[in-house]
Amino acid sequence: MATLIDTNVLVDLAIPSSNWHGWSRQRTIEAFDQGPVLINPIIYAEFSVRYRDIDEVDNALPEDAFRRENLPWPAAFAAAAAFRIYRKAGGQRERVLPDFLIGAHAAIRGYSLLTRDVKGYRAYFPSLDLITPETHP
């Protein structure tokens with residue numbers, strides 16, 4: 001089973017002093033044992049904010065480990081539809097469109113999503129297989 005890895009987990013991996021480093025490291029190892037681990041351009045961009053040099057990012061996220069996949073067009077549409085529902089329901093700007101793009105990507109492709117950010121993914125992509133601290137302590 002392929003796993004899309006959310007930005008918050010990658011940040012945990014990059015910061016050994018993070019409170020979530022151990023959990024994120026263990027779940028990532030398990031994800032690699034299950035099949036390919038993927039990132040998309042949105043995840044790459046969010047993670048890259050912490051770096052000044054692309055080589056540093058590529059060293060932290062080597063392509064032979066973190067397979068790169070573009071966002072499927074149907075996922076972009078599904079993300080917009082979910083975001084529209086969120087905003088119509090009074091959703092504020094604490095959730096941004098990139099979260100919906102990540103969730104839709106995993107949902108459209110049938111991937112698991114490794115994340116610590118459960119709330120939005122569960123609400124807007126209920127069929128998504130989530131790997132979270134609640135489901136995998």
Side-chain angles (χ1 to χ4, degrees):
M1 160 79 60
T3 303
L4 190 66
I5 189 166
D6 201 2
T7 311
N8 55 52
V9 174
L10 294 175
V11 171
D12 293 342
L13 295 175
I15 304 172
S17 62
S18 161
N19 290 338
W20 287 100
H21 180 80
W23 182 88
S24 292
R25 184 175 185 280
Q26 184 59 42
R27 297 295 95 60
T28 301
I29 290 168
E30 292 167 4
F32 277 115
D33 289 343
Q34 297 295 314
V37 175
L38 300 101
I39 60 174
N40 65 27
I42 294 103
I43 295 164
Y44 185 93
E46 287 183 323
F47 183 79
S48 296
V49 167
R50 291 151 183 78
Y51 298 88
R52 291 185 181 264
D53 186 316
I54 194 169
D55 292 332
E56 290 180 81
V57 178
D58 290 341
N59 285 334
L61 302 174
E63 271 189 83
D64 61 339
F66 297 94
R67 193 164 80 192
R68 296 170 186 193
E69 183 175 285
N70 287 322
L71 185 75
W73 290 101
F77 183 82
F83 190 69
R84 185 174 50 253
I85 292 166
Y86 165 76
R87 292 305 302 261
K88 266 188 162 177
Q92 302 301 311
R93 298 202 187 276
E94 70 268 1
R95 295 206 63 80
V96 294
L97 190 54
D99 295 336
F100 289 90
L101 290 163
I102 293 166
H105 184 172
I108 290 292
R109 289 285 198 225
Y111 299 153
S112 295
L113 179 62
L114 175 55
T115 184
R116 287 189 292 99
D117 185 14
V118 179
K119 186 178 174 186
Y121 294 125
R122 189 166 287 140
Y124 293 96
F125 304 100
S127 65
L128 192 55
D129 177 35
L130 294 173
I131 303 167
T132 70
E134 289 81 12
T135 63
H136 296 76

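The residues of the chain are indexed from 1 along the displayed sequence.
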**Request:** State, to 0.1 Å, how close Ala107 and Leu128 come at their nearest heavy-atom pair, and which atoms those are.
**Result:** N-CD1, 3.5 Å
**Complete:** Value for CZ (Arg68) from CG (Leu61), rounded to nearest 0.5 Å, stands at 6.5 Å
**Message:** Can you confirm whether more than 12 heavy atoms, excluding those of Arg116, are under 6.0 Å from its CZ atom?
**Reply:** yes
**Request:** Find the distance between OG1 (Thr7) and CD1 (Ile42) and round it off to the nearest 0.5 Å.
**Result:** 9.0 Å
**Fill in**
The reported gap from CZ in Phe66 to CG in Leu13 (rounded to nearest 0.5 angstrom) is 6.0 Å
**Prompt:** Taking everything shown except Phe77 itself, do over 12 heavy atoms lie less than 6.0 Å from its CZ?
**Reply:** no
**Prompt:** Nearest heavy-atom pair of Ala75 and Ile108: which atoms, and what distance?
**Reply:** CA-CG1, 3.7 Å
**Message:** Do His105 and Glu69 pair up side chain to side chain, a donor and an acceptor below 3.5 Å, judged on atom types alone?
**Reply:** yes
**Prompt:** If you look at every heavy atom in Pro133 and Trp20, which pair is closest and at what distance?
**Reply:** CG-CZ3, 3.5 Å
**Message:** I need the Arg122 CZ to Asp117 CG distance, nearest 0.5 Å.
**Reply:** 10.5 Å
**Message:** Which heavy atom of Leu71 sits nearest to which heavy atom of Pro41, and what is that distance?
**Reply:** N-CD, 4.3 Å
**Item:** Donor-acceptor contact present, side-chain Thr135 to main-chain Leu130, <3.5 Å
**Value:** yes
**Request:** Return yes when atom CG of Asn19 has more than 12 non-hydrogen atoms of other residues, nucleotides or ligands closer than 6.0 Å, and no otherwise.
**Result:** no
**Message:** Let me check something: do Ile29 and Ile15 share a hydrophobic cluster, defined by ILVMFWY side-chain heavy atoms less than 4.5 Å apart, either directly or through other members?
**Reply:** no
**Complete:** Distance col, row Ser48:OG vs Ile43:CD1, nearest 0.5 angstrom, shows 11.5 Å
**Request:** Please work out whether the ring planes of Phe100 and Tyr86 are parallel, tilted or perpendicular, with thresholds of 30° and 60°.
**Result:** tilted
**Message:** I'd like to check Leu10 versus Tyr44 (side-chain heavy atoms, cut-off strictly below 4.5 Å). Are they in contact?
**Reply:** no
**Message:** Ring-plane angle category for Tyr51 and Phe47, please: parallel below 30°, perpendicular beyond 60°, tilted otherwise.
**Reply:** tilted
**Message:** Are the side chains of Phe125 and Leu113 in contact, using a 4.5 Å heavy-atom criterion?
**Reply:** no
**Prompt:** Looking at CG of Leu4 and OG1 of Thr115, how far apart are the two atoms once the value is rounded to the nearest 0.5 Å?
**Reply:** 9.5 Å
**Message:** Looking at every heavy atom in both Ala78 and Ala104, which two are closest together, and how far apart are they?
**Reply:** CB-CB, 4.0 Å
**Request:** Answer yes or no: is there a side-chain heavy-atom contact under 4.5 Å between Tyr124 and Phe83?
**Result:** no
**Request:** Could you check Ile102 against Glu46 for side chain to side chain contact (heavy atoms under 4.5 Å, CB included), going step by step and ending with a plain yes or no?
**Result:** CA-CA 11 Å; Ile102 293 166; Glu46 287 183 323; 3.6 Å; yes
**Asked** Can you tell if the side chain of Glu30 reaches within under 4.5 Å of the side chain of Ile131, non-hydrogen atoms only?
**Response** no
